[in-house]
Amino acid sequence: MPIIVIDNQYPHYKNKEVVEVWLRALEKHPQPEGLFTPLVQTMVKSTKAGLNVFSAYQTNPGKYEEARAYFAEFMTEFFEVEGYSYDFSTWMTIEEAMGSIGQKAPER
């Protein structure tokens, strides 16, 4: 089951604006049931460059496309925040990665 990872970055001075946009986005786009399971819902770190917010969600079987579309739409809410950027990526579990090359993951 693919894992959707979203890594956000923005300047410290934009924090109030980002939080306001995030709260509006949560209201406008409530998390749908049955598409994904949060692995890391929200982790925040402060650096000299600004704030970094990280989230990871494991998609449920057969729901990747719907989950990807949900997050892609959710993230558009931040497009107008100056200095805001994010990486949106899909990761595989080790079992999926090994399976994609015809191998079985070792027992751990």
Side-chain angles (χ1 to χ4, degrees):
M1 294 174 282
I3 298 167
I4 294 173
V5 174
I6 305 170
D7 189 6
N8 312 267
Q9 304 87 33
Y10 55 92
H12 294 104
Y13 65 88
K14 288 292 187 171
N15 189 58
K16 185 176 180 180
E17 181 181 357
V18 169
V19 169
E20 289 172 0
V21 170
W22 178 62
L23 292 173
R24 281 196 313 270
L26 286 173
E27 192 173 301
K28 186 175 177 182
H29 307 281
Q31 285 190 358
E33 291 186 31
L35 295 186
F36 52 83
T37 301
L39 297 175
V40 177
Q41 187 125 15
T42 307
M43 292 189 336
V44 181
K45 120 178 141 170
S46 181
T47 68
K48 291 178 182 178
L51 294 166
N52 183 257
V53 181
F54 179 88
S55 302
Y57 304 88
Q58 185 160 21
T59 59
N60 292 340
K63 299 294 184 177
Y64 170 74
E65 288 301 326
E66 289 177 76
R68 185 203 53 76
Y70 165 78
F71 285 112
E73 187 174 330
F74 187 92
M75 296 311 296
T76 64
E77 299 294 328
F78 297 90
F79 282 2
E80 300 303 316
V81 177
E82 187 176 337
Y84 188 96
S85 65
Y86 67 94
D87 294 315
F88 183 102
S89 58
T90 301
W91 292 56
M92 292 184 277
T93 64
I94 188 65
E95 292 78 15
E96 291 167 327
M98 295 295 289
S100 72
I101 59 169
Q103 300 290 319
K104 185 177 178 186
E107 296 295 323
R108 296 184 268 167

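- With hydrogens and angles disregarded, no donor-acceptor distance shorter than 3.5 Å links the side chain of D7 to the backbone of D87.
- Nearest heavy-atom pair across A97 and S100 is O-OG, 2.6 Å.
- What you find for M98 and K104 is that their closest heavy atoms are CE-O, 3.8 Å.
- Looking only at side-chain heavy atoms (C-beta outward), F74 and L26 come within less than 4.5 Å of each other.
- Contact check for M75 versus Y84: side-chain heavy atoms found under the 4.5 Å cut-off.
- In the hydrophobic clustering of ILVMFWY residues, with side-chain heavy atoms under 4.5 Å counting as a link, I3 and V40 come out together.
- In this structure, Y10 has its ring center no closer than 6.0 Å to that of F78.
- Heavy-atom minimum distance, G83 versus P11: O-CD, 3.3 Å.
- Listed here is the closest heavy atom pair of E73 and H29: OE2-CE1, 3.1 Å.
- Taking the six-membered ring for Trp and thresholds of 30 and 60 degrees, F88 and Y86 have ring planes more than 60 degrees apart, a perpendicular arrangement.
- Linking ILVMFWY residues whenever their side-chain heavy atoms come closer than 4.5 Å, directly or via other members, places V19 and V81 in the same cluster.
- Side chain to side chain, T37 and Q58 fail the donor-acceptor criterion of an N or O pair below 3.5 Å.
- V5 is not connected to L35 by any chain of hydrophobic side-chain contacts under 4.5 Å among Ile, Leu, Val, Met, Phe, Trp and Tyr, and they are in different clusters.
- There is no path of hydrophobic side-chain contacts, each under 4.5 Å, that joins F54 to V18.
- Y64 places a side-chain heavy atom less than 4.5 Å from the side chain of T90.
- With hydrogens and angles disregarded, no donor-acceptor distance shorter than 3.5 Å links the side chain of S55 to the backbone of I6.
- Connection of F79 to L23 is established within a shared hydrophobic cluster, with ILVMFWY side chains joined at heavy-atom distances below 4.5 Å, either directly or through further cluster members.
- Applying the salt bridge (charged side-chain N to carboxylate O under 4.0 Å, His left out) test to E66 and every residue at least two apart in sequence or in another chain returns K63.
- Between E65 and R68 there is a salt bridge, with a side-chain nitrogen of the basic residue lying less than 4.0 Å from a carboxylate oxygen of the acidic one.
- Atom CD of E95 sits about 13.5 Å away from atom CD of Q103, to the nearest 0.5 Å.
- Taken to the nearest 0.5 Å, the OG1 atom of T59 stands 14.5 Å off from the OH atom of Y70.
- Between the N52 side chain and the N8 main chain, a donor and an acceptor come within less than 3.5 Å of each other.
- Atom CD in E17 sits 9.5 Å away from atom CD in E80 (nearest 0.5 Å).
- Residues Q9 and T47 are not in side-chain contact: their nearest non-hydrogen atoms beyond the backbone lie 4.5 Å or more apart.
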